[in-house]
Amino acid sequence: MSSTISLTFPDGAERQYAKGVTAAEIAADISTSLAKRAISAAFDDRHWDLQWPIERDGRIGIHTMQDETPALELIRHSLAHIMASAVQELWPDTKVTIGPVIRHGWYYDFDRDQPFTPEDLKVIEVRMRQIINRRERVSSEVWPRDRVIDFYRNAGEPFKIELVEAIPGDQPIRMYWHGDWQDLCRGPHLQHTGQVPADAFSLQSVAGAYWRGDSRNKMLQRIYGIAFRRKQDLQQHVRMIEEAQRRDHRRIGVEMQLFHFQEEAPGMAFWHPNGWTVYKLLKEYMSRRQQQNGYVEVNTPLVVDRTLWEASGHWEKFQEHMFLVDVEAERGEGARINALKPMNCPCHVQIYNRGQRSYRELPLRMAEFGSCNRFEPSGALHGLMRVRGFVQDDAHIFCKESQIESETASFIRMLSTIYADLGFESFRVKFADRPQQRAGSDSVWDRAEHALQSATEAAGCEFELNPGEGAFYGPKLEFVLTDAIGRDWQCGTLQVDFVLPERLDANYVGSDGEKHRPVILHRAILGSFERFIGILIENHAGRLPFWLTPRQVVVATIVSAADGYAQEVTRALLAAGIRAEADCRNEKINYKVREHSLAKVPVVIALGEREVREGTVSVRRLGEKQLQTAPLIDVLSGLKVESLPPDLRRSGTAPY
């Protein structure tokens with residue numbers, strides 16, 4: 001057996017090394033400069049610690065801090081360890097659990113009797129920077145499982161023992177140290193703590209978290225941190241967080257009197273008149289767009305017997321997220337278990353199955369603004385963004401396999417124009433393939449994935465892979481919007497399903513006179529009205545497009561002599577289809593303008609003695625300081641066009 005291995009570098013060059021060589025040694029062989037700058041390696045597309053031995057031929061590349069993705073992973077991973085080390089230096093009785101990297105940073109869960117305070121976070125940050133400045137060497141070893149368990153038993157770390165015992169098989173365990181502090185970890189890591197940028201991280205918050213995410217387990221304390229390669233990147237992210245707080249839809253929802261939540265109905269929105277106006281306008285717009293694209297609308301029951309959910313496969317895969325209802329059967333037959341529907345697809349198949357279908361009816365595009373309920377953990381609820389009761393803009397396209405390509409292209413065109421109408425000019429597409437837990441055979445999944453990928457490519461739509469994130473019955477496209485401050489929101493989906501038609505015995509008679517299974521394309525554009533309205537509010541910072549604004553115009557008087565004219569102007573606006581109201585209170589105009597600006601009213605018309613005398617109006621737009629004075633008829637004409645939804649504006653059709 002050869003004692004040397006051949007390694008291929010990104011430029012195509014090959015070099016021979018002794019078996020067991022480390023990436024650190026390879027970097028040093030290339031140049032002294034690279035050895036100093038190296039932080040990790042890529043070996044056959046796996047992120048590789050500089051200390052790990054390489055035992056076989058392969059491809060290798062050396063990472064430095066200029067390689068953003070691996071650098072951020074290492075920085076954030078190392079900071080999780082450094083934070084845990086700092087906590088145990090400050091409070092030695094604290095027990096450590098897990099500390100993974102997440103988007104923009106990391107978290108670590110601790111078992112400590114005393115709650116962490118905001119002041120504690122500042123103290124921890126100071127100690128972390130001391131550890132970074134100590135430039136503690138990072139090292140790793142691979143131990144047998146029994147030795148690891150003995151080590152943690154002697155260290156008094158019961159959570160680590162449980163983690164080790166939960167690892168399947170009997171493979172050895174990798175252990176990491178920086179200085180004298182140790183953690184169980186797969187790696188890789190930086191080579192010493194001094195490689196972490198000391199001015200580019202910040203501890204953000206503390207939250208409760210059950211051990212291993214199970215409410216039956218002990219409640220731990222989770223500290224969140226964020227980190228970047230450069231101080232300016234951290235500062236930019238902090239500004240984004242501050243801007244996100246300013247745009248928080250929950251706060252703006254109160255200011256605009258749109259909705260509220262309360263403990264008696266967790267995860268369920270109470271829609272106020274203003275909010276329900278937005279909801280109805282969005283629903284009416286979506287209904288028109290679907291009708292224009294050949295959809296028929298249906299409505300299905302809210303409560304459905306478990307037998308249908310069992311037949312569809314949702315009972316097995318989705319039961320933990322379903323609200324169950326005990327219903328006493330008639331004539332003493334005993335109790336039956338029903339469920340509030342968490343999705344609409346099995347019910348749509350029931351409509352499809354009523355009567356024999358012909359190939360001439362396909363594609364059949366069936367849409368529903370379906371009211372759904374899902375049991376989300378109380379800790380996961382977040383305003384409109386994560387709710388238990390919601391309405392989906394749901395649709396299912398029953399089609400032949402040969403129609404998948406054309407229906408996919410048609411759907412993407414429709415989705416693109418809807419997003420543009422709502423203020424999102426571009427989006428990204430992810431292709432999510434088979435999850436670990438799924439229904440249907442591998443051969444069925446092969447067909448479905450090939451069909452969806454081919455259809456997406458034929459539609460000229462570029463996509464990135466999202467491995468293992470498909471629905472349990474089929475692969476899907478995920479449509480990701482980026483809002484005004486750079487956050488991503490996955491909203492629309494298109495899923496190819498060969499499984500449900502088989503399970504629920506859907507068929508059609510083909511041109512050959514034989515029965516065939518249709519394919520079901522599950523699709524949504526907004527996702528849920530609740531969440532999408534939350535996204536709209538935050539994207540526009542409450543300044544919704546004029547046609548969606550619940551209170552479009554307030555006619556405010558400067559003097560009481562203008563009260564009669566204010567009512568006349570308001571009636572004219574209402575007759576033109578503009579949502580308007582008069583404000584004739586005995587308050588100063590500046591007070592009225594501030595109040596209506598806080599409520600995000602886009603247009604305030606101010607009326608004083610001059611406007612009454614001349615028959616004009618003075619218009620102030622939200623965010624502008626100057627008033628524009630013009631004849632009422634000219635203002636009416638402009639606002640009338642502006643108040644039309646985009647699809648009606650394009651067609652020149654008025655809804656009144």
**Message:** I'd like to check the side-chain contact (heavy atoms from CB on, under 4.5 Å) partners of Val298; sequence neighbours left out, ordered by chain and number.
**Reply:** His348, Ile351, Met366, Glu368
**Asked** Relative to the ring of Phe463, is the ring of Phe431 parallel (under 30°), tilted (30 to 60°) or perpendicular (over 60°)?
**Response** tilted
**Request:** Mark yes or no for whether Asp305, through its side chain, and Asn338, through its backbone, hold a donor-acceptor pair below 3.5 Å.
**Result:** no
**Request:** Classify the side-chain pair Arg289/Thr417 by whether it contains a donor and acceptor separated by less than 3.5 Å.
**Result:** yes
**Request:** Check whether any side-chain N or O of Asp67 sits under 3.5 Å from a backbone N or O of Pro70 as a donor-acceptor pair, and report yes or no.
**Result:** no
**Request:** Under the side-chain contact (heavy atoms from CB on, under 4.5 Å) rule, what do Arg649 and Trp547 come out as? Steps first, then yes or no, please.
**Result:** CA-CA 10 Å; Arg649 201 178 308 159; Trp547 67 275; 4.3 Å; yes
**Distance flag, aromatic centroids of Phe532 and Phe390, threshold under 6.0 Å** = no
**Prompt:** Is the backbone N or O of Trp309 less than 3.5 Å from a side-chain atom of Ser312, with the two atoms forming a donor-acceptor pair by type?
**Reply:** yes
**Message:** If we count only N and O atoms by modelled type, under 3.5 Å, do the side chains of Trp489 and Asp483 hold a donor and an acceptor together?
**Reply:** yes
**Prompt:** Ring centres of Phe498 and Trp445 under 6.0 Å apart?
**Reply:** no
**Prompt:** For the ring pair Phe398 and Tyr508, is the centre-to-centre distance below 6.0 Å?
**Reply:** no
**Message:** Is the distance between the ring centroids of Phe270 and Phe259 under 6.0 Å?
**Reply:** no
**Message:** Checking Glu449 now: which residues fulfil salt bridge (charged side-chain N to carboxylate O under 4.0 Å, His left out) with it, not counting sequence neighbours?
**Reply:** Arg434
**Prompt:** What distance separates Leu648 CG from Ser643 OG, expressed to the nearest 0.5 Å?
**Reply:** 10.0 Å
**Asked** Taking everything shown except Glu316 itself, do over 12 heavy atoms lie less than 6.0 Å from its CD?
**Response** no
